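Quick caveat, the model's predicted, so the values are computed rather than measured.
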Amino acid sequence: MIAIGLLAALACAIVLAVAVRRHERTVRGAGDPRPRVVALELAGCGAAAYRQLAGLGERGRSAMRRAIRIDRWIIVGYAGGLPVLSLLSIWIVRETSSGAIETAGTVAAVVVAAAALLAGAVDARENAAVLVVLDGWSDTEIPDGTSALDGAAMRQAHRRRLIAAFDDPSAVARRAALLEFGLLDVAALWGVAVGCITVTHHAS
């Protein structure tokens, strides 16, 4: 069972590594200014999201959209691998402790596995919200013959409409991102704790 778990974790790690590499290649290929997915996820309001997308240009926005779609595989990698590793850590807990400490460690491992799965679900929700923002972007259409003054007014009105449309999904994405980061921090802390337990046990 442990061997199967390790193989599953390795497979998820490979998926994660490949997806992260593709993600980075996609954003680098957009040139400057480079799309920053995390910054858009944390924008939190329509005005901030609008500023970021307007500054990227069409090429940058397209690259960000592709990067977010690649992020689905990143989710598969960590939301599959971390729960498996967390459940495998129960074996370490049982080998290095007993009684109440063993029970507490086993419960903690299960909780961390659930947290990692939840982080993946929250990340997917976050990506969906960010894609709503990206897909909602449109350039201002100025009819031929429009005066400069009227054109400026049309651009300003269009900007206000986009900001209003981006407000709700941007807020959803930010809340989801903060929750996701918190859940992944829990998984990281458990990994450090298990590592310390293992080292201490073998050193004693």
Within a 6.0 Å radius of atom CH2 on W73, are there more than 12 heavy atoms belonging to other residues, nucleotides or ligands?
no
Under a 4.5 Å side-chain heavy-atom rule over Ile, Leu, Val, Met, Phe, Trp and Tyr, are I75 and L16 clustered together?
yes
Main-chain N/O of L134 paired to R65 side chain as donor or acceptor, under 3.5 Å
yes
What distance separates R155 CZ from R160 CZ, expressed to the nearest 0.5 Å?
14.0 Å
Does V37 form a side chain to side chain contact (heavy atoms under 4.5 Å, CB included) with M64? I'd like the steps, not just the answer.
CA-CA 7 Å; V37 176; M64 183 175 284; 4.0 Å; yes
Here the gap from C45 atom SG to D168 atom CG, rounded to the nearest 0.5 Å, amounts to 11.5 Å
Any side-chain to backbone donor/acceptor pair from H158 onto A153? Under 3.5 Å, distance only.
no
Of all heavy-atom pairs linking A177 and L42, the shortest is CB-CD2, 3.8 Å
Shortest non-hydrogen contact from A30 to P35?
CB-CD, 3.6 Å
If you measure from CG on L189 to CG on L184, what distance do you get to the nearest 0.5 Å?
11.0 Å
Are L178 and R174 close enough, and set up right, to give a side chain to side chain contact (heavy atoms under 4.5 Å, CB included), and what steps lead you there?
CA-CA 6 Å; L178 293 176; R174 179 179 174 82; 4.1 Å; yes
To the nearest 0.5 Å, what is the distance between CD on E95 and OG1 on T198?
10.5 Å
Hydrophobic cluster identity match, V107 and V110, side-chain contacts under 4.5 Å
no
According to a hydrophobic-cluster definition based on side-chain heavy atoms being under 4.5 Å apart (Ile, Leu, Val, Met, Phe, Trp, Tyr only), do Y78 and V18 belong together?
no
Side chains of V172 and V132 in contact at under 4.5 Å (non-hydrogen atoms)
no
Once rounded to the nearest 0.5 Å, what's the spacing between atom CD1 of I70 and atom CD of E24?
10.0 Å
Angle class for the F166/W137 ring planes (parallel below 30°, perpendicular above 60°, tilted otherwise)?
parallel
Indicate the atoms forming the closest heavy-atom contact of Q52 with A43, along with that distance.
NE2-CB, 3.8 Å
Could you tell me whether the side chain of S86 and the main chain of A109 form a donor-acceptor pair under 3.5 Å?
yes
When you look at CZ of R22, are more than 12 heavy atoms from neighbouring residues, nucleotides or ligands closer to it than 6.0 Å?
no
S62 and E58: side-chain donor and acceptor closer than 3.5 Å?
yes
Heavy-atom distance under 4.5 Å between the side chains of V93 and I101, does that happen here?
no
Does the side chain of P169 come within less than 4.5 Å of V130's, by heavy atoms?
no
Specify the closest pair of heavy atoms between T26 and A67, including all atoms of both residues, with the distance to one decimal.
CG2-N, 4.0 Å
I want to check something: taking the side chain as every heavy atom from C-beta on, are V133 and S170 in contact at a cut-off of under 4.5 Å?
yes
Same apolar cluster: I92 and V84, side chain cutoff 4.5 Å:
yes
Heavy-atom closest pair (L56 atom, R61 atom, distance to 0.1 Å) is CB-N, 4.1 Å
Under 6.0 Å from the CG atom of L6, do we count more than 12 heavy atoms belonging to anything else shown?
yes
Kindly indicate whether the side chain of I68, heavy atoms from C-beta on, has any atom under 4.5 Å from the side chain of E41.
no
Are E180 and E126 packed together at the side-chain level, in the sense that at least one heavy-atom pair is separated by less than 4.5 angstrom?
yes
Nearest-0.5 Å distance that lies between atom CD1 in I2 and atom CG in L87
12.0 Å
SB check D123 R72 (cutoff 4.0 Å)
no
So, S98 side chain and R94 main chain: donor-acceptor pair closer than 3.5 Å or not?
no
Do V15 and L82 share a hydrophobic cluster (ILVMFWY, side-chain heavy atoms under 4.5 Å, transitive)?
no
Side-chain contact, heavy-atom cut-off 4.5 Å: R159 with I163?
yes
What heavy-atom pair brings W190 and A108 nearest, and what distance separates the two atoms?
CZ3-CB, 3.7 Å
